Undergrad: 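Handing you a structure now.
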Number of protein chains: 2
Amino acid sequence: MANSAYRNRPTLRDIAQIAGVTAATVSYVLNGKGSVSADVQKRVRQTAKDLGYRANYVAKATRTGQTLSIGLILPDLKNPFFPQLAQSVQSAARGAGYAVFLMDSQGDTEVEREGAEDFISRGVEGIVWCPATEHDSLSDYRADVPIVVVDRPLPHYDTISSDYYSGGGLLADHVLAQGHRHIGMIVGPQSLSSAQRRRDGFVERIAGKAEIDWEVENAFTIDLSDEIRRQLNNFDVSVIVCGNDFIAIGVIRALHELGRRVPKDVSVVGFDDIPWASFSIPALTTVRQPFSKLGQEAAALLVRRISGESGPLVNMSLEMRLVSRGSLNRL
Amino acid sequence: MANSAYRNRPTLRDIAQIAGVTAATVSYVLNGKGSVSADVQKRVRQTAKDLGYRANYVAKATRTGQTLSIGLILPDLKNPFFPQLAQSVQSAARGAGYAVFLMDSQGDTEVEREGAEDFISRGVEGIVWCPATEHDSLSDYRADVPIVVVDRPLPHYDTISSDYYSGGGLLADHVLAQGHRHIGMIVGPQSLSSAQRRRDGFVERIAGKAEIDWEVENAFTIDLSDEIRRQLNNFDVSVIVCGNDFIAIGVIRALHELGRRVPKDVSVVGFDDIPWASFSIPALTTVRQPFSKLGQEAAALLVRRISGESGPLVNMSLEMRLVSRGSLNRL
DNA sequence: ATGATTGACTTAAACGTTTAAGCCTTTTAG
DNA sequence: CTAAAAGGCTTAAACGTTTAAGTCAATCAT
């Protein structure tokens with residue numbers, strides 16, 4: 001029986017014995033319930049402090065059924081999107097008295113699913129989940145606890161995302177306002193609705209007001225396809241609109257290698273406003289995701305669901321903001 | 001009694017009743033202990049599956065004293081150092097059957113400390129801790145569980161860090177090998193031992209072989225002091241050695257504004273190899289921290305301590321590696 | 001045929017809490 | 001002055017497990 005640390009910490013009973021009362025009384029004192037005389041309260045609190053008593057949440061949970069913990073499942077902390085999300089979820093959860101279990105699925109839906117099951121076994125009262133793909137890897141899994149999905153519009157879940165469509169529109173307005181009339185586009189994988197919505201929001205706002213001379217697809221990474229590298233020699237467009245900041249940084253780098261100056265020769269804009277966006281040279285003009293707010297709202301909604309709020313499925317869309325830096329020129 | 005979800009999940013007793021045995025027998029079957037006949041085993045497993053039974057770790061923990069969870073306390077997930085650390089700690093912990101509670105202290109030692117107390121109350125069996133400062137904010141706190149400290153050389157703890165001193169030496173060798181003989185240095189806050197060790201490792205290896213024309217201190221951020229901005233107009237040095245990659249990126253950006261080309265006019269080197277280092281233009285020559293290994297080793301050591309391994313305090317130093325990219329010129 | 005061993009299960013206690021119910025004693029109301 | 005209410009504490013059951021100890025029957029060795 002490897003009963004380390006956890007054991008032989010002072011318990012309610014230990015306090016009770018010393019204070020000359022019952023464990024129940026100690027519990028009432030420490031939880032501010034029941035009615036206990038002032039001097040017993042004082043005695044109990046003092047001995048608790050003397051013994052260095054620390055509540056045992058595990059034991060507590062067996063009785064109350066509440067672990068005051070939630071799970072957070074993310075695809076990949078190395079993607080700069082997620083650290084901020086994790087941070088804000090954790091901080092908001094803490095504000096509500098919840099601790100958070102972290103699980104980085106490394107993009108593996110199987111891991112993701114096992115992670116969820118493990119969390120459930122551990123008694124989490126809810127899960128904030130950003131699925132690795134748009135596929136619902138938990139669909140056949142009866143979770144028993146509320147789940148709030150972040151950044152993916154899965155049906156049958158409460159979801160919280162950025163308003164990509166409007167964000168695309170915002171960017172279009174800005175590009176137009178700066179006088180650009182010939183546009184090259186590198187969109188993200190159109191199988192992802194986040195990529196699709198930001199594209200559509202942009203394209204529909206541009207319609208009739210400017211020309212999209214070419215449009216190609218690329219993964220959401222800094223590495224560009226050969227087709228794109230060729231396209232970058234196209235001198236007809238005055239701005240290259242990228243599906244996200246990674247792509248944009250890749251484009252700036254590729255243009256640099258080709259000897260074309262940004263934004264002097266051609267402007268570049270990104271999407272997301274990841275932390276790196278402001279450090280590139282030139283700094284990226286982009287559209288900011290409310291990373292922290294996403295996490296806050298997700299945690300807040302989850303806590304409400306845990307407390308039993310039962311209204312209809314929530315599909316929250318958070319407003320994006322244009323961030324104008326140096327990579328887009330006024331023509 | 002807000003006894004949600006957690007309750008009315010099938011229990012051992014439910015299975016037992018249906019399978020016509022005792023809860024104890026079910027426990028034996030599901031844990032592969034004791035001796036149970038083949039057909040009872042089969043019956044139990046089947047009903048467990050039918051009911052969608054899921055072990056209750058909380059109840060389990062009250063009896064065994066093992067929660068199979070650890071805590072991870074970090075100063076700031078937005079610092080690119082930490083996501084990788086978190087990822088690898090989590091993944092290594094999972095490999096050993098442990099789940100991890102995450103706490104981002106946002107640099108606040110008070111939060112850090114309360115986080116630790118909270119973790120203990122939750123029954124974590126150990127803590128991986130990267131303190132917000134070099135101060136031991138847990139010193140007066142009897143933790144009861146093993147703690148492994150990452151990236152800070154606190155006494156009285158098991159610690160795991162990168163070998164900054166050797167890393168500084170590695171960088172010096174490289175700078176010398178590339179023919180540089182006049183060096184400008186922007187070191188990190190010398191109150192931090194990590195900044196100090198990397199500086200000393202560099203300086204001592206340079207001694208007598210090249211000249212350090214100037215040396216100034218700056219915070220570990222991209223924002224540079226005015227003194228440094230002035231120093232960057234100093235044309236005597238052929239390379240600027242920076243305390244970390246943030247500073248290096250700041251320097252590249254400042255030089256760019258001054259119209260000086262990197263590495264043509266002056267070389268720049270960083271330290272850490274944060275993810276952004278490879279995306280800057282030019283890509284940074286730097287010294288890589290074994291981020292993932294730090295996390296792995298920390299988790300592994302913690303698990304060993306949890307299992308009762310009791311040897312002397314461990315102070316592990318992980319090897320660093322030179323990463324040569326474009327920001328350093330051969331003279 | 002006997003005693004010992006093994007196999008297959010059950011019993012019951014324990015883990016550290018919470019909390020409804022109970023039981024005195026004192027205070028309050030009429 | 002008595003009955004009811006309030007105050008202050010204890011008792012005991014419960015939460016879902018694990019596990020040492022017990023029981024009983026069947027098998028084995030001699």
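It should be emphasised that the depicted structure is a prediction, and the values quoted were computed from it without experimental measurement. Proteins get letters first, then strands, A, B, ... in listed order; numbering begins at 1 in each.
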Undergrad: Produce the list of close N/O pairs, under 3.5 Å, pairing protein atoms with atoms of nucleotides 6-9 of chain C; give distances to one decimal.
TA:
| from | atom 1 | to | atom 2 | distance (Å) |
| --- | --- | --- | --- | --- |
| dC9(C) | OP1 | Ser37(B) | OG | 3.2 |
| dC9(C) | OP2 | Ser37(B) | N | 2.4 |
| dC9(C) | OP2 | Ser37(B) | OG | 2.7 |

Undergrad: Out of dT18(C), dG16(D), dG16(C), which has the shortest distance to the side chain of Arg63(A)?
TA: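 Of the options given, the side chain of Arg63(A) lies nearest dT18(C).
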Undergrad: Rounded to whole angstroms, how far apart are NZ on Lys60(A) and P on dG16(D)?
TA: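 Lys60(A) atom NZ is separated from dG16(D) atom P by 18 Å.
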Undergrad: State which residue, out of Val26(A), Val44(A), Val21(A), Thr25(A), fulfils the side chain to side chain contact (heavy atoms under 4.5 Å, CB included) condition with Val36(A).
TA: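 When Val26(A), Val44(A), Val21(A), Thr25(A) are each tested with Val36(A), the side chain to side chain contact (heavy atoms under 4.5 Å, CB included) holds only for Thr25(A).
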Undergrad: Parallel, tilted or perpendicular: which one describes the rings of Phe101(A) and Phe119(A), with boundaries at 30° and 60°?
TA: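 Parallel.
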Undergrad: Any side-chain donor paired with an acceptor under 3.5 Å for Glu125(A) and Ser69(A)?
TA: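 Glu125(A) vs Ser69(A): no donor-acceptor pair found between side chains.
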Undergrad: Measure the distance from CD on Gln17(B) to C1' on dG16(D) and round it to the nearest whole Å.
TA: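 Atom-to-atom, Gln17(B) to dG16(D), this comes out as 15 Å.
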Undergrad: Using atom CZ of Arg122(A) as one end and atom P of dT17(D) as the other, report the distance to the nearest whole Å.
TA: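 To the nearest whole Å, that distance equals 15 Å.
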Undergrad: Taking only N and O in the side chain of Thr62(B), is any of them less than 4.0 Å away from OP1 or OP2 of dT17(D)?
TA: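 No, no such contact exists.
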Undergrad: Would you mind reading off the distance between Gln66(A) atom CD and dC15(D) atom P, rounded to a whole angstrom?
TA: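 Rounded to whole Å, this separation is 16 Å.
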Undergrad: Looking at Leu72(B), Leu77(B), Val111(B), which hits side chain to side chain contact (heavy atoms under 4.5 Å, CB included) with Asp104(B)?
TA: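 When side chain to side chain contact (heavy atoms under 4.5 Å, CB included) is applied between Asp104(B) and each of Leu72(B), Leu77(B), Val111(B), only Leu77(B) qualifies.
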Undergrad: For the side chain of Ala24(A), counting heavy atoms from C-beta on, which of dT17(D), dA12(D), dT11(C) is nearest?
TA: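 Per side-chain heavy atoms of Ala24(A), the pick is dA12(D).
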Undergrad: In a check of salt bridge (charged side-chain N to carboxylate O under 4.0 Å, His left out) between Asp158(A) and each of Arg152(A), Arg304(A), Arg305(A), which one passes?
TA: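 The residue from Arg152(A), Arg304(A), Arg305(A) that satisfies salt bridge (charged side-chain N to carboxylate O under 4.0 Å, His left out) with Asp158(A) turns out to be Arg305(A).
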Undergrad: Could you state the CG-C1' distance from Leu30(A) to dT19(C), rounded to the nearest angstrom?
TA: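 Going from CG in Leu30(A) over to C1' in dT19(C) covers 15 Å.
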Undergrad: Check nucleotides 23-26 of chain D against the protein and report each pair of N or O atoms closer than 3.5 Å, with its distance, or say if there are none.
TA:
none

Undergrad: Would you tell me if any nitrogen or oxygen in the side chain of Asn56(A) comes within less than 4.0 Å of OP1 or OP2 on dC15(C)?
TA: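 Negative; the distance criterion is not met.
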Undergrad: Just how far, in rounded Å, is C1' of dT10(C) from CG of Leu12(B)?
TA: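 Going from Leu12(B) (CG) to dT10(C) (C1'), I get 15 Å.
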Undergrad: Closest approach of Pro75(A) and Pro131(A), non-hydrogen atoms and distance?
TA: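 Shortest heavy-atom contact: CG-O, 3.8 Å.
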Undergrad: In this structure, how many angstroms lie between the P atom of dT17(D) and the CG atom of Asn31(B), rounded?
TA: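 The distance from CG of Asn31(B) to P of dT17(D) comes to 10 Å, rounded to the nearest Å.
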Undergrad: Is Asp140(A) salt-bridged to Arg113(A), cutoff N-O under 4.0 Å?
TA: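 Looking at Arg113(A) together with Asp140(A), the answer is yes, because their closest N to O distance falls below 4.0 Å.
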Undergrad: So, Gln17(A) and Arg13(A): side-chain donor and acceptor under 3.5 Å apart, yes or no?
TA: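 Side chains of Gln17(A) and Arg13(A): no pair found under 3.5 Å.
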Undergrad: When you check the phosphate oxygens OP1 and OP2 of dT19(D), does a side-chain N or O of Lys33(B) lie under 4.0 Å from one of them?
TA: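 Checking dT19(D) against Lys33(B), a side-chain N or O does come within under 4.0 Å of OP1 or OP2.
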Undergrad: Figure out the CD1/P separation between Ile15(B) and dT10(C), and round it to whole Å.
TA: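 In whole Å, dT10(C) P lies 14 Å from Ile15(B) CD1.
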Undergrad: Side chains of Gln87(A) and Asp76(B): any donor to acceptor distance under 3.5 Å?
TA: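 Short answer, yes.
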